[in-house]
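Heavy-atom basis, side chains included; hydrogens, waters and symmetry copies ignored. Numbering of ligands and ligand atoms starts at 1, following listing order.
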Amino acid sequence: MSIAVVGSNMVDLISYIDRMPAEGETVEAPNFTMGCGGKGANQAVACSRLGSNVTMVTRVGNDIFAENTIRNFQDNGIDTTHVLTTEATSGVAPIFVDPDSKNSIIIVKGANAHLTPQDVENAREDIAKCSLIMLQLEIELETVYSTIELGNELGIPVLVNPAPASPELRLDKIRGAEFVVPNETELSLLSGMPVDDMDDVLKAAQVLLNVGIRNVIVTLGRKGAVWVHEGGSTYVDGRAVGAVDTTGAGDAFIGCFSHYWVETGDIEYAMRMARLYASDSVTRHGTQTSYATGEDFRGRLASDIAEVNLPGAANEKKA
Ligand code: RIB
């Protein structure tokens with residue numbers, strides 16, 4: 001089971017705040033933590049911790065952060081053959097988490113903006129051995145589009161997580177994706193439609209299906225996720241937990257979904273497992289630091305996982 005992630009890496013600088021400062025104001029935050037992040041790297045780490053073989057195609061800067069980022073990939077068992085170094089700063093992400101566990105994120109792409117279609121082409125031989133290619137939007141769109149074309153040429157399914165939301169993303173250029181996995185904001189931007197309730201979500205997802213995308217999986221935060229496809233839709237409810245930090249929960253969902261989809265080919269099953277994995281991650285602080293290993297996940301959540309395998313599993317219903 002091998003997965004290629006063509007995407008970003010960032011250094012997450014997370015401040016736990018009581019409130020955001022007003023313009024011109026300085027406020028003190030009670031806590032701070034620094035860790036490895038970036039949507040591409042997060043998804044890669046989640047897949048790898050669950051047991052997938054992961055090849056990461058990315059660029060780090062030539063600064064003090066780079067060595068730590070590469071070591072982190074290696075410590076997580078990720079193949080770093082295609083982790084390239086650039087004469088630029090590494091990607092960084094100042095993040096603010098409020099007392100309700102919600103986050104606000106600024107990203108500075110740095111070296112990530114230098115990952116080119118040629119870099120991906122150079123990794124062709126290793127990508128060709130994979131069962132899934134995963135993409136997000138913290139790299140240049142040109143690289144995203146050419147990677148989808150490469151996946152189509154090689155006959156490898158491609159998953160696109162259109163995050164962060166980008167008004168420049170062209171729907172016709174991602175029509176070759178097997179999966180597009182937006183949140184509600186990203187879906188609204190992509191479809192040009194309001195997304196205020198489940199009816200809106202289904203209508204907006206249909207816009208994506210109409211251009212040829214086969215599966216749209218909309219993540220709904222604490223409300224769960226819905227899979228929309230030609231045959232209809234399937235809703236997986238959220239799971240109530242005591243959340244302390246939601247940073248990277250979407251990446252946990254996508255990484256876990258990808259791992260179990262590659263393992264079983266069953267979209268609904270992979271979504272239910274992803275719901276458990278992501279909801280578990282928000283009970284811990286940090287981004288990658290909140291992702292369980294496969295052994296821990298399958299041990300600690302054994303009874304929830306057993307329910308996933310039952311017909312008519314709890315918390316799941318057709319939309
Ligand atoms: O999705 C969460 C991630 O978004 C963080 O790790 C941060 O680096 C930004 O990329």
What do you reckon, are the aromatic ring centroids of His259 and Trp261 less than 6.0 Å apart?
no
Review item, side-chain donor-acceptor pairs of residues 92-102, under 3.5 Å, at least two apart:
from	atom 1	to	atom 2	distance (Å)
Asp98	OD1	Asp100	N	2.8
Asp98	OD1	Ser101	N	3.1
Asp98	OD1	Lys102	N	3.0

Tell me if the centroids of the rings in Phe257 and Phe179 come within less than 6.0 Å of each other.
yes
Set of residues satisfying ring-ring contact (aromatic ring centres under 6.0 Å, His included) with respect to His285, sequence neighbours excluded:
Tyr16
Give a yes or no answer on whether the side chain of Ser15 reaches the backbone of Ile17 with a donor-acceptor pair at less than 3.5 Å.
no
Set of residues satisfying side-chain contact (heavy atoms from CB on, under 4.5 Å) with respect to Glu25, sequence neighbours excluded
Arg19, Pro21, Ala22, Val27
Short N or O contacts of ligand 1 with protein, under 3.5 Å, listed by atom name?
from	atom 1	to	atom 2	distance (Å)
ligand 1	1 (O)	Lys39	NZ	2.8
ligand 1	1 (O)	Asp251	OD2	2.7
ligand 1	4 (O)	Lys39	NZ	3.0
ligand 1	6 (O)	Asp12	OD1	3.3
ligand 1	6 (O)	Asp12	OD2	2.6
ligand 1	6 (O)	Gly38	N	3.1
ligand 1	6 (O)	Asn42	ND2	3.0
ligand 1	8 (O)	Asp12	OD1	2.5
ligand 1	8 (O)	Gly38	N	2.9
ligand 1	10 (O)	Glu138	OE1	3.2
ligand 1	10 (O)	Glu138	OE2	2.6

